[in-house]
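Worth knowing before you read on, the calculation uses all heavy atoms, side chains too, and leaves out hydrogens, waters and symmetry mates.
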Amino acid sequence: MTDTESRKLAFPEARVAQYIYGHRDAFLRLIESELSVRIGARGTDVTIEGGEHDVDIAAVVLQQLYALGSRGHHLSTLDVSRSIEILIRDPGADLTSIFTDEIFASKHAQAITPKGLSQKTYADAIRRNDIVFGIGPAGTGKTYLAMAMALSAYFSRKVKRIILTRPAVEAGEKLGFLPGDLAEKVNPYLRPLYDALYDMVEREKAERLLEQEIIEVAPLAFMRGRTLNDAFIIFDEAQNATTAQVKMFLTRIGFNSKAVITGDITQIDLPSRRQSGLIQALRILDGIPGIAISRFHSHDVVRHPLVQKIIAAYDADDDETDGAASS
């Protein structure tokens, strides 16, 4: 039988204490289910019972949630769930530095902040470096956070324009099969970039910035021959660019410019005979001062909770398939 430990916590402010308990103690029940502990709360006093490790984590979660609540941070069930995940992986993580790092205020006046430790590391890397690679599965916020950083840089007058680009390559589809001229053919491939933009900026303002070419959305092929000064450039879906295309893009970067290159190296849609330029770039550029690589994993997914489980299931299946093939 596993030994249990009992830990008592006391929070000074009753208002904040009640807040971090959640409506009808919903946050406490979530912590109980995620950490296999029992939590009793009476006023500002909390008792936690369970295995020593789980009790330690639960205590840190509650203490850090209290610190967030004391600063007026609005907590949601998703915040609490993410807090537990972060502190399980890194009990020394500082939730306040993560969840109060305001990157950009969206059109709804809602602050866009990192959703976890990996996003915080990514945002800090973008602040400190001129070229940053964001590598990981879909749903980890690579492109969305880069867009928020780009808009923040523009509206704070650190850059004069924003350039969004990606290769027009998708699984099982050819541009020639789509109707319309070249612009109409490539537009669907750039849609995710527009979606992120319209989610953060009022449509009228976004369209005005696009019309004035302050924000430019273009396929990767249109970058050839240009020098991009005073710009924040986002190169999305870079795993589908060839070695020549990635080199071409990286050598377009001019003075006072910052580039963020995002991609998922497990989702390469290039023909098998062609090497992804992103994989080569990660290998040969790692360690160069001014260039940073931020890596995301399945536990960093911030979409619907099932997306994280789906990615983990596919990763596990790939591992089994690879193991069977090598045996």
Side-chain angles (χ1 to χ4, degrees), residues 118 121-122 125-126 129-147 163-178 185-186 188-193 196 217-226 228 233-253 258-288 290-298 300-301 307 310-323 325-326:
S118 293
T121 302
Y122 181 50
I126 294 172
N129 298 275
D130 288 338
I131 298 177
V132 175
F133 290 86
I135 309 301
T140 49
K142 305 182 301 294
T143 303
Y144 193 86
L145 201 62
M147 178 70 77
I163 299 172
L164 314 172
T165 188
R166 65 184 294 183
V169 176
E170 293 294 339
E173 298 183 28
K174 303 283 186 186
L175 284 175
F177 296 145
L178 297 174
K185 288 177 185 289
V186 301
Y189 297 94
L190 304 173
R191 191 74 246 169
L193 298 172
V217 185
L220 181 61
F222 288 15
M223 296 296 106
R224 188 173 299 279
R226 302 177 62 182
L228 307 175
I233 314 147
I234 300 174
F235 178 8
D236 194 33
E237 295 289 329
Q239 77 274 7
N240 289 327
T242 64
T243 295
Q245 287 175 321
V246 172
K247 181 180 178 182
M248 178 272 292
F249 171 81
L250 291 172
T251 54
R252 299 307 94 202
I253 300 167
K258 191 178 289 286
V260 178
I261 301 98
T262 68
D264 177 2
I265 57 176
T266 69
Q267 296 291 326
I268 297 172
D269 298 318
L270 290 168
S272 58
R273 66 181 181 276
R274 302 172 73 182
Q275 181 187 19
S276 169
L278 177 60
I279 293 177
Q280 183 196 40
L282 294 173
R283 176 174 53 82
I284 67 176
L285 301 179
D286 190 15
I288 295 178
I291 298 178
I293 300 173
S294 289
R295 297 187 184 274
F296 295 83
H297 305 279
S298 59
D300 297 313
V301 171
V307 175
I310 290 168
I311 292 172
Y314 273 95
D315 287 346
D317 184 68
D318 288 343
D319 289 343
E320 289 180 8
T321 302
D322 292 342
S326 62

Report the relative orientation of the aromatic rings in Phe249 and Phe235; use parallel for angles under 30°, tilted for 30 to 60°, perpendicular for over 60°.
-> tilted
Report yes or no: does Asp264 contribute a side-chain atom to a donor-acceptor pair with the main-chain N or O of Thr266 at less than 3.5 Å?
-> yes
Looking at side-chain heavy atoms only, is the closest gap between Thr262 and Phe296 below 4.5 Å?
-> no
Report, as yes or no, whether the 6.0 Å neighbourhood of atom CZ on Arg224 holds more than 12 heavy atoms from other residues, nucleotides or ligands.
-> no
List the steps and the verdict of side chain to side chain contact (heavy atoms under 4.5 Å, CB included) for Phe222 and Ile163.
-> CA-CA 11 Å; Phe222 288 15; Ile163 299 172; over 6 Å; no
Nearest heavy-atom approach of Leu220 to Met248 is O-CE, 3.6 Å
Is the backbone of Ile279 close enough, under 3.5 Å, to the side chain of Arg283 for a donor and an acceptor to pair up by distance?
-> no
Give the intermediate values and the outcome of side chain to side chain contact (heavy atoms under 4.5 Å, CB included) for residues Arg252 and Ile233.
-> CA-CA 10 Å; Arg252 299 307 94 202; Ile233 314 147; over 6 Å; no
Would you mind reporting whether Glu237 and Pro192 have side-chain heavy atoms less than 4.5 Å apart?
-> no
For the residue pair Met223 and Leu228, what are the closest heavy atoms and their distance?
-> SD-CD1, 4.1 Å
Is there a side chain to side chain contact (heavy atoms under 4.5 Å, CB included) between Gln280 and Val246 once you walk through the steps?
-> CA-CA 9 Å; Gln280 183 196 40; Val246 172; over 6 Å; no
Closest non-hydrogen atom pair, Val260 against Ala146 | CG1-CB, 3.9 Å
Output yes when a side-chain donor or acceptor of Asp300 lies under 3.5 Å from a complementary backbone atom of His297, and no otherwise.
-> yes
Counting only N and O atoms by type, is there a donor-acceptor contact under 3.5 Å from the side chain of Lys142 to the main-chain atoms of Phe133?
-> no
Side-chain heavy-atom pair Leu250, Leu285 within 4.5 angstrom cut-off = yes
Short side-chain to backbone donor-acceptor contact, Gln239 and Gln267, under 3.5 Å = yes
Please report the closest heavy-atom contact between Ser276 and Ala238, naming both atoms and the distance.
-> OG-O, 4.3 Å
Between CG on residue Asn129 and CD1 on residue Ile288, distance to nearest 0.5 Å = 11.5 Å
If you round to the nearest 0.5 Å, how far is CD of Gln275 from CD1 of Ile268?
-> 9.0 Å
Give a yes or no answer on whether the side chain of Asn240 reaches the backbone of Asp269 with a donor-acceptor pair at less than 3.5 Å.
-> yes
Heavy-atom closest pair (Ile131 atom, Ile261 atom, distance to 0.1 Å) is CG2-CD1, 3.6 Å
Note: Thr165 and Ala218 closest approach over all heavy atoms is OG1-O, 2.8 Å
Do Ile135 and Leu278 come within less than 4.5 Å of each other through their side chains, counting heavy atoms only?
-> yes
Distance from Asp236 atom CG to Leu164 atom CG, nearest 0.5 Å?
-> 9.0 Å
With no hydrogens and no angle check, is any side-chain donor or acceptor of Ser294 less than 3.5 Å from a backbone partner on Gly134?
-> no
